[in-house]
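Encoded as structure tokens, the structure appears first; notes follow it.
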There are 2 protein chains.
Amino acid sequence: MNGAARTTAREVARDAVRAMLAEVALDLFRRDGFDNVTINHLAAAAGVSRSTVLRYFGTKEDVVLGALDAHGEQVAVALRARPPDENDWTALRHALDIVVEIYRQDPAAALATTRLVLATPALHTRQWEKQHSWRPALTQALAERGASPRPGAVTLSVRAAAALDCLNIAIAHWAKSDGTLNLADLLDEAFAALTL
Amino acid sequence: MNGAARTTAREVARDAVRAMLAEVALDLFRRDGFDNVTINHLAAAAGVSRSTVLRYFGTKEDVVLGALDAHGEQVAVALRARPPDENDWTALRHALDIVVEIYRQDPAAALATTRLVLATPALHTRQWEKQHSWRPALTQALAERGASPRPGAVTLSVRAAAALDCLNIAIAHWAKSDGTLNLADLLDEAFAALTL
DNA sequence: GCTACGGTGACACCGAGTATCACCTCCCCA
DNA sequence: TGGGGAGGTGATACTCGGTGTCACCGTAGC
């Protein structure tokens with residue numbers, strides 16, 4: 001069998017190289033600015049070829065934002081796990097605690113990366129693209145929960161989208177405070193903004 | 001004198017060329033797909049040089065989305081013009097009628113462009129970037145209105161962001177219905193999704 | 001030991017976007 | 001009316017991100 005969960009030596013090596021590349025890249029990006037570091041620089045600094053960098057990360061942005069892809073599915077799973085009697089907005093708020101927890105585990109790294117993303121239009125944009133791709137999954141998860149007469153697609157999409165905006169705005173303010181404010185509190189404040 | 005409002009012959013010519021380029025481009029994009037039309041193709045089809053195309057529109061995306069820049073400021077102005085006793089959410093909804101009206105004036109063109117944008121990741125992304133740049137102005141407009149104890153920046157930012165999401169989702173569903181549904185109604189439905 | 005396969009590097013290539021230069025046209029002023 | 005300046009255009013060269021291809025090399029498996 002040894003299906004998808006099997007970790008071969010090759011896969012271990014791949015992950016190690018990938019992590020090394022990302023680390024070298026983050027150092028360079030933070031020091032010189034994302035736009036001033038070419039893929040050639042990065043490859044030279046990491047001791048690999050340009051081809052290899054592009055093979056590990058499809059785009060330059062994904063060197064920074066590669067980890068983001070997994071979060072969307074995690075949030076959708078968390079959303080499905082919320083009690084059915086919870087209203088959509090409360091359920092979304094709690095589902096996003098997954099992300100808050102990720103930030104809480106390594107605030108320094110999260111802060112550095114967040115600053116880099118917010119300071120770099122290309123990264124900011126790519127981050128939105130990734131989060132935008134979460135929306136259908138969140139909308140679907142909302143559609144499958146709670147009382148029988150569910151709202152229409154427009155309503156559920158808006159709620160999912162607004163929740164993601166709350167997350168981003170809370171994170172942006174958290175970064176602006178140099179991580180001194182509490183991210184969960186900021187997220188609560190953001191969510192409260194739409195309970196009119 | 002003859003300040004910013006003066007329209008010289010040169011400016012008229014510039015606008016005419018710009019409009020011609022955009023028209024030729026839209027035809028090509030819709031026929032062959034945005035990604036399959038290079039700037040060289042476009043320039044040849046319009047009978048100008050590549051340099052000229054790039055000079056009129058800084059990027060290929062802006063050939064399609066050039067008109068979008070003006071909308072943001074219009075919405076912000078409309079928002080400031082709403083009665084002070086209106087709550088933020090209602091005021092935002094009415095401010096967006098400016099955009100609804102633009103769509104209502106030429107539904108066929110709006111529908112074609114919207115379809116193109118939704119079908120082209122690069123355009124969709126660039127559209128978000130432009131709309132995202134409206135947010136500070138909208139947040140500022142919100143901060144200047146209504147009762148004295150105004151909410152914090154997080155709250156106002158979230159409201160502005162959510163309103164833009166409502167607009168986009170309403171427009172997307174309107175396009176999906178081939179323009180048969182009423183955009184204003186869809187926008188109402190979207191806004192209602194967040195009155196919990 | 002031989003072979004087949006995955007990872008790598010080294011190209012060549014394309015297209016977007018930037019910068020620069022020469023030319024040309026039109027307008028203004030002498 | 002002739003000259004000069006300014007703005008628009010085309011041509012060219014360049015950088016860089018991203019794709020595709022090919023040959024090489026190590027390792028795993030027979």
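Chain A is the first sequence line, chain B the second, and so forth, proteins listed ahead of strands; every chain is numbered from 1.
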Report yes if some heavy atom in the side chain of A/Asp165 is under 4.5 Å from a heavy atom in the side chain of B/Arg135; otherwise report no. yes
My understanding is that only residues two or more places apart in sequence, or in another chain, count here; which of them pass ring-ring contact (aromatic ring centres under 6.0 Å, His included) with B/His41? none
Just so I know, are the side chains of A/Asp88 and A/Arg93 near enough to count as touching, which here means a heavy-atom distance under 4.5 Å? no
Establish whether A/Leu79 and A/Leu167 are linked, either directly or via other cluster members, by ILVMFWY side-chain heavy-atom contacts under 4.5 Å. yes
Partners meeting ring-ring contact (aromatic ring centres under 6.0 Å, His included) with B/Tyr56 (sequence neighbours left out): none
Round to the nearest Å and state the distance from B/His41 atom NE2 to C/dG15 atom P. 7 Å
Spacing between A/Asp35 atom CG and D/dT15 atom P, to the nearest angstrom: 18 Å
Annotated protein contacts, base or backbone, on nucleotides 7-12 of chain C with a non-hydrogen cut-off under 4.0 Å, one of B, S, - each: SBBB-B
Rounding to an integer number of Å, can you tell me how far B/Leu42 CG sits from C/dG17 P? 12 Å
To the nearest Å, give me how far apart CG (B/Asp15) and P (D/dG7) are. 17 Å
Gap between atoms CD1 and C1', on A/Ile39 and D/dG17 respectively (whole Å): 6 Å
Do the ring planes of A/His124 and B/Trp128 sit parallel (below 30°), tilted (30 to 60°) or perpendicular (above 60°)? perpendicular
Mind calculating the distance between CG (B/Leu54) and C1' (C/dA16) to the nearest angstrom? 7 Å
What is the distance, to the nearest angstrom, from the NZ atom on A/Lys60 to the P atom on D/dG17? 5 Å
How close or far is atom C1' of D/dG18 from atom CZ of A/Arg126, stated in whole angstroms? 13 Å
